[in-house]
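Scroll down for the structure; my scribbles are underneath it.
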Amino acid sequence: MDSMYIVTATIAAAFLLILFIILHGYKYTPTKTFSCKKAKHPPGKTWSLPFFGETIQFLQDPHQFHLQHISRYGETFSSSLFGENCIVLTTPEATRWVLQTAQKYFKPGYPRSATSMIDETGSIYGENFHSRMRKVLGPALHPDAMQHQVKYIDFLANFFLNKWRDNETCNVLQQLRRYTFFVASEIIFGLKPGPEVEKMADQMEELKKGFLSLHINLPFTTYGKALRARDGLYQTLQKLIDRRRLDPNPHNDVLDFLLRANANGDHFSDVHVRAIILTLMFGGYESTSSQLVWAIKRLHDNPKILDKVLAEQDFIRQRKVSQDEPLTWADVKDMKYTSQVLQETMRTSFLNTFIPREALIDLEYDGFIFPKGCKVHASISSFHLSPKVFPDPYRFEPDRFQDNSQPGTFMPFGYGNRLCLGSDLAKSQMLIFIHHLVTKYRYEAISPDQEIRWWPMATPKRGFPIRIQKRDE
Ligand code: HEM
């Protein structure tokens, strides 16, 4: 009788618990009492499909996902993504809070599949390591160092563009991925185009697929194949590190800065050097090529804006002594209108659909509870495309950036202590490519290519195929 009672009571309790969860949704359990009695958990779904939560809906179209959730729950809402409950922030104020004001109470919260693609130890995401990494990479990627790199970037832009033949068709995104990877290889370890760089670019393409994959390491899974590509890249990087240690000549590339830091007692192990380089290579090529393909598409779709860019770039070309004279840092600085086009491109191209963080302690913001351990996603593209922040947000209007009056609302390169270290490099390589493209060629889209491939970065679905004509013919 007793055991019957226990079984019945257990089933009843389990049933009530499930009913409670269904009616109220799973909520975070705060680990301390919050100071503000009225503070509450952000509204939204924190349960639905087990493990997947709302991930499938999110991956299909993150922009629509955010718009729908904002209209249903408000600008701060709860969700369940990548197997974890999270809080999504979609305003510039809340984003500034998490990325800057309260930055010391958060650490990066990238999904495990993403971090394991870069870092076998998991240590480069720790705070101590992070500040040392910034100390070394800051000067290596600073505009002072960049000035000397412009000639290499100029060479590489021409290396690709000079291969284009009249009336040829070309897939812009494919070409740009190679171009930006080659630039990263040159800047990071001084490698010129060749089979070694080509092989690494192929491995990087494979690695990229693992970033948001299911964490299942088998020979045939996306994640497993990506890990093997990572290991292949690690081997090549180790060879480059060993080769550089035997080389007495100064190179002034990022690898030199990292190895010199070793010599100065800052001491990065080879494992760390490899992980830092992989971070740079991935950041350096995927984000930049995705923004550049959008810029080239936006110029195509807005002929009046293209005319203004062309006038600016022709002016810079005409003041050169010869057609082949390379661009300089001063030329890049003079590309003011084209820079505005790039800013407007980054605003409208669904960049940074989420920057993830994890709360280190219990926190409150704007009446909401952020319990220790909860994942927070700052959705930058949500406010880049919000009419409250940018009027008529889907209109492509580079003049918005004429007076640089967007403090704290335009954050393509992030915000706070993890602000992108490669922003000057990224801008230079985009501007230099656009210069040579528009001054040498006219181009026409083969198909409108309006659909979007969302991951790992939003890009035109078919890579924006174009037909090219030399400008002087
Ligand atoms: C248009 C191109 C690019 C965009 C939109 C972009 C965007 C970003 C963003 C949003 C972050 C902050 C991530 C966070 O807070 O968790 C970031 C960080 C970073 N980016 Fe970029 N990036 C670009 C190009 C580059 C390039 C070319 C490099 C270098 C080769 C680079 C290197 C880095 C590094 C090292 C970090 C980590 C900084 C830190 O954790 O302190 N990025 N980037």
Side-chain angles (χ1 to χ4, degrees), residues 89 95-96 98-100 103 106-111 114-115 118-119 124-143 145-146 149 152-153 156 176-177 179-189 204 253-255 257-258 272-273 275-295 339 342-358 375-381 384 410-434 456-459:
L89 308 175
T95 301
R96 289 199 301 268
V98 68
L99 297 186
Q100 190 181 53
Q103 64 192 20
F106 287 98
K107 65 175 185 176
Y110 289 92
T115 52
I118 298 282
D119 177 17
I124 73 161
Y125 297 93
E127 204 38 57
N128 179 33
F129 184 84
H130 175 246
S131 49
R132 284 201 298 133
M133 178 183 88
R134 278 195 83 90
K135 207 169 101 195
V136 175
L137 286 184
L141 294 166
H142 190 269
M146 287 310 313
Q149 311 285 12
Y152 299 120
I153 304 175
L156 287 168
L176 292 179
R177 287 210 170 114
Y179 162 64
T180 52
F181 192 84
F182 281 26
V183 171
S185 305
E186 172 72 61
I187 305 288
I188 297 170
F189 24 64
M204 192 51 116
D253 50 23
V254 175
L255 184 57
F257 274 84
L258 287 169
H272 284 150
V273 173
I276 295 173
I277 290 179
L278 219 48
T279 313
L280 287 172
M281 283 166 75
F282 184 76
Y285 105 114
E286 186 63 23
S287 331
T288 315
S289 56
S290 68
Q291 293 316 295
L292 192 45
V293 72
W294 281 117
S339 298
L342 286 183
Q343 286 174 297
E344 183 67 342
T345 301
M346 291 192 273
R347 187 188 69 78
T348 52
S349 61
F350 311 101
L351 180 62
N352 299 326
T353 42
F354 75 112
I355 295 184
R357 293 288 187 265
E358 183 180 325
K375 290 284 168 74
V376 179
H377 290 188
S379 168
I380 294 200
S381 60
H384 280 176
F410 180 59
M411 309 178 197
F413 294 107
Y415 208 71
N417 64 347
R418 290 181 184 268
L419 190 69
C420 177
L421 282 163
S423 57
D424 286 298
L425 171 59
K427 285 186 255 180
S428 309
Q429 48 184 321
M430 292 194 275
L431 290 168
I432 291 170
F433 195 91
I434 289 175
M457 295 272 167
T459 52

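When a ligand or atom number is given, it counts from 1 through the structure's own listing order.
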## Note on the structure
Check: of Val183, Leu99, Leu280, min heavy-atom distance to atom 30 (C) of ligand 1 comes from Leu280
### Interfacing atoms of ligand 1 (cut-off 4.0 Å, heavy-atom, Asn352)
10 (C)
### Message
Just to be sure I read this right, does ligand 1 sit under 4.0 Å from the backbone of Thr180, its side chain, both, or neither, counting only heavy atoms?
### Response
neither
#### Entry: Protein contact to atom 7 (C) of ligand 1 [nearest heavy atom, distance to 0.1 Å]
Pro412 O, 3.6 Å
### Task
Give yes or no for whether the N/O distance cutoff of 3.5 Å, strictly under, is met between Tyr110 and ligand 1.
yes
### Query
Hey, does the side chain of Gln103 reach the backbone of Gly416 with a donor-acceptor pair shorter than 3.5 angstrom?
no
### Query
Are the side chains of His130 and Arg418 in touch, meaning some heavy atoms are under 4.5 Å apart?
yes
### Task
Anything under 30° is parallel, anything over 60° is perpendicular, the rest tilted; go ahead and classify Trp294 against Phe350.
perpendicular
### Query
Heavy-atom distance under 4.5 Å between the side chains of Val254 and Leu137, does that happen here?
yes
### Message
Need the ligand 1 atom indices (1-based, order shown) with element for anything under 4.0 Å from a heavy-atom of Gln291.
### Response
1 (C)
### Query
Which of the atoms of ligand 1 are close to Leu425, meaning less than 4.0 Å from one of its heavy atoms?
30 (C)
### Summary
Within a distance under 2.8 Å of atom 21 (Fe) of ligand 1, the protein atoms of type N, O or S are Cys420 SG
### Task
Evaluate the side-chain proximity of Tyr415 to Thr95: yes if any heavy-atom separation is below 4.5 Å, no if none is.
no
### Message
As an exercise, identify every atom of ligand 1 less than 4.0 angstrom from a heavy atom of Leu351.
### Response
5 (C)
### Task
Heavy-atom distances under 4.0 Å are what count here, so tell me which part of Ile380 touches ligand 1: side chain, backbone, both or neither.
neither
### Query
atom 15 (O) of ligand 1: which of Arg134, Arg357, Met457 has the nearest heavy atom?
Arg357
### Summary
Value for CE (Met430) from CD (Gln291), rounded to nearest 0.5 Å, stands at 6.5 Å
### Message
Residue-level breakdown please: for Met281 versus ligand 1, do any non-hydrogen atoms fall below 4.0 Å on the side chain, on the backbone, on both, or on neither?
### Response
neither
### Query
In Å, rounded to the nearest 0.5 Å, how long is the span from CG of Asp253 to CD of Glu186?
8.0 Å
### Query
Are any of the side-chain heavy atoms of Arg96 and Met411 separated by less than 4.5 Å?
yes
### Query
So do Leu425 and Thr288 actually touch side chain to side chain, heavy atoms under 4.5 Å?
no
### Query
Just how far is it from atom CG of Leu258 to atom CE of Met133, taken to the nearest 0.5 Å?
9.5 Å
## Note on the structure
Judged by heavy atoms only, the candidate from Glu286, His130, Gln429, Lys107 nearest atom 40 (O) of ligand 1 is His130
### Query
Between Arg347 and His384, is there a donor-acceptor pair closer than 3.5 Å when you use the side chain of the first and the backbone of the second?
yes
### Query
Heavy atom under 4.0 Å from ligand 1: found in Thr288's side chain, backbone, both, or neither?
both
### Message
Angle between ring planes, Phe181 versus Tyr285, binned at 30° and 60°: parallel, tilted or perpendicular?
### Response
perpendicular
### Query
Which atoms of ligand 1 sit under 4.0 Å from any heavy atom of Ile355?
10 (C), 14 (C), 15 (O), 16 (O)
### Query
Side chain, backbone, both or neither: which part of Arg418 comes within less than 4.0 Å of ligand 1 when only heavy atoms are counted?
both
### Under 3.5 Å: donor-acceptor pair, side chain of His142, backbone of Asp424
no
